[in-house]
Amino acid sequence: MLRVENLAVSYGRSQVLFDVSLAVEKGEFVTVIGANGAGKTTLMKAIMGLLRPFQGRIVFRGEDITARPPWYRAELGIGYVPEGRRVFPDLTVEENLRIGAWRRAASFKRSCERIFTIFPRLAERRHQLSKTLSGGEQQMLAIARALVLEPELLLVDEVSMGLMPLLVNRSFKVLRELNREGVTVLLVEQNARLALRAAHRGYVLETGRIVLSGPAAELSANEMVKKAYLGG
Amino acid sequence: MYEQVVAVNAGIFMLLAMSLNIITGFAGQPNLGHAAFFGIGAYTSALLVAKAKAGFWLALPAAGLVAGLTGMLLGLISVRVREDFLAVTTIGINFVLVAVFQYVPFFGASLGLVVPPATVFGRRLDTGGFLILLLVLNILVYLLCLRVRFSWLGLALGGIRNDEQATASLGYNVNRFKVFAFTIGTFIAGLAGSVYAHFMGFIMSTDFSFPVSVSIMAMAVLGGLGTISGPLLGAAILTLAPEIFRFVADYRMLVYGGLLVLMMRFLPQGLLGENSPLANLLERRRPGPAGRVAPGGGNRG
Ligand SMILES: Nc1ncnc2c1ncn2[C@@H]1O[C@H](COP(=O)(O)OP(=O)(O)OP(=O)(O)O)[C@@H](O)[C@H]1O
Ligand SMILES: [Mg+2]
């Protein structure tokens, strides 16, 4: 479904991604784990089209989208949950959802109902400004907002960041459920333990390079991964 | 008569503050050179009527169009530059334009331009006539703002103001919306310029200089950027204050500039912005459940 080939990205003169290649098949839950500053967010932004790579290709459902703008990629079926629960702070919960339904006014009611069954808390808070939500609720809203477009591939940039463990677990559960319902998921995560438990396959990103990849269970058992990412 | 002149002035600045609010309040794009577009409208209208012998009713929309097209160009630039550069760019545009009006003989240079009066059915439009025209224009622009605010467009602009990248990732061609906000906002400023030119009967470059841009910004900020009624209130207060308080008239730029700084520090959401003391007071008086009821409306204006 998604193929990233030899991707290289730099900010000005400092190169952040080097020759990154990965693939995500339809229905898969794939994770890219990496430490702080490894380039995870950069990778997600490049796939979404928010950053321009200087080398490499991005192919989605057979179409080369490397030069396509972000809105075009969204229309093709790529959803994006940005890092740090970036919801629209001075829009209400409902507006945060409605904004994604621009070209989908007809199906908005249905997708809203689906979203509210997954996230009942958001239904209770639908008229509240989203900046008044708790951190966990904002994370849910960020995921929900991307779901309004009914994406085939969901890019998720860290669900664990700054959340208490209970909420982190719940976020992972939601992603697994969505995946079971047929949404393909590509998650970049610092919390390797949970990410590898949730995903089918994984990649290890180290200072901008993919150094390891394989089935999640294999990666969890790998000595190097254990030492560097799973705390021994 | 004097009151009517003050009211015309207020009406013109209400249009300007509302139009700047579309660009800076709704879409979140800095524009510190709004007076340039006011000026483009004024000179376009004046030249069309004086040199091309066009009627005022043709010159008025033409002034809006020329200003709006220039604004569209600015919008196209704005999508290429970072926000802080954009603020500087708009100031630059203001200075360049004033210089052009000031030195090019075609625009009357430093002598200014005498503007033929506006006529309706052969009769000269008097102050009362201008007041009615301004009332109509203000109502139309106000309705437009309401319309924009509570539509997809308003939602998209709100998204862009909050987080451009996230908005783009939701399928919005962010650039197109920004350019649209600049075009509409500057079009309205052009209309205001046309009315101003024919009402005053004489224009010169300094009428549209950078301090005027600062005044317009002060009005929008005082009332509340992003609100619906705020810019009207801000423009009313700041056009009436110099008439009532002598010191405001004497130190106009100091007062407006100082006010801008103070507002940004202590009440950035403006008088009618969310959670401001005045907005809360109005909100409490309104019947119905607490909190936000209207989709996207609430106490934002
Ligand atoms: N806008 C930018 N300009 C310059 N350098 C940047 C920019 N954004 C990120 N970087 C640098 O690029 C590298 C990768 O950053 P990135 O945000 O992709 O890492 P990350 O893996 O997402 O980290 P984290 O786990 O902290 O979110 C870092 O060294 C960072 O300092
Ligand atoms: Mg990151």
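Convention: sequence-line order gives letters A, B, ...; per-chain numbering from 1.
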Below 4.5 Å from any heavy atom of chain B, which atoms of Pro69(A) appear? Answer side chain, backbone, both or neither.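 Interface part for Pro69(A): neither.
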
Below 4.5 Å, heavy-atom pairs only: which of [options] has the largest tally toward chain B?
options                                   : value
Leu50(A), Val87(A), Ile99(A)              : Ile99(A)
Ala101(A), Ala142(A), Gly100(A), Pro82(A) : Ala101(A)
Arg73(A), Glu75(A), Arg145(A), Arg126(A)  : Arg145(A)

ask   = So Gln165(B) and Met48(A), side chain to side chain contact (heavy atoms under 4.5 Å, CB included) or not? Walk me through it.
value = CA-CA 10 Å; Gln165(B) 293 197 334; Met48(A) 194 62 223; over 6 Å; no

**Prompt:** Which of the residues Ala166(B), Gly158(B), Ala156(B) is involved in the greatest number of heavy-atom pairs with chain A at under 4.5 angstrom?
**Reply:**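 Ranked by contacts with chain A, first place is Ala166(B).
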
_Distance-minimising heavy-atom pair for Phe88(A) and Asp163(B)_ =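 Closest heavy-atom pair between Phe88(A) and Asp163(B): CE2-O, 3.6 Å.
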
Point to revise | Minimum-distance pair of heavy atoms, taken over all atoms of Ala74(A) and Ala168(B) | key: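 Closest pair (atom of Ala74(A), atom of Ala168(B), distance): CB-O, 4.5 Å.
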
Count the heavy atoms of every other residue, nucleotide or ligand shown that sit under 6.0 Å from [atom1] of [X], and state whether that count exceeds 12.
X         : atom1 : answer
Arg170(A) : CZ    : no
Lys131(A) : NZ    : yes
Phe18(A)  : CZ    : yes

- prompt: What's the spacing between Ser169(B) OG and Lys45(A) NZ if we round to 0.5 Å?
  reply: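 Those atoms lie 11.0 Å apart.
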
ask   = Hey, what do you get for CZ (Arg98(A)) to CG (Leu170(B)), rounding to the nearest 0.5 Å?
value =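 Output value for this atom pair is 13.5 Å.
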
Please lay out, stage by stage, how Asn173(B) and Tyr72(A) fare under the test side chain to side chain contact (heavy atoms under 4.5 Å, CB included). CA-CA 8 Å; Asn173(B) 185 345; Tyr72(A) 181 88; over 6 Å; no

query = If only atom types and distance count, is the side chain of Asn162(B) paired as donor or acceptor with the main-chain N or O of Asp90(A) below 3.5 Å?
reply =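 Side chain of Asn162(B) to backbone of Asp90(A), a donor-acceptor pair under 3.5 Å: yes, one is there.
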
- prompt: Can the ring centroids of Phe177(B) and Trp102(A) be said to lie less than 6.0 angstrom from one another?
  reply: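 Yes - the distance between ring centres of Phe177(B) and Trp102(A) falls below the 6.0 Å cut-off.
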
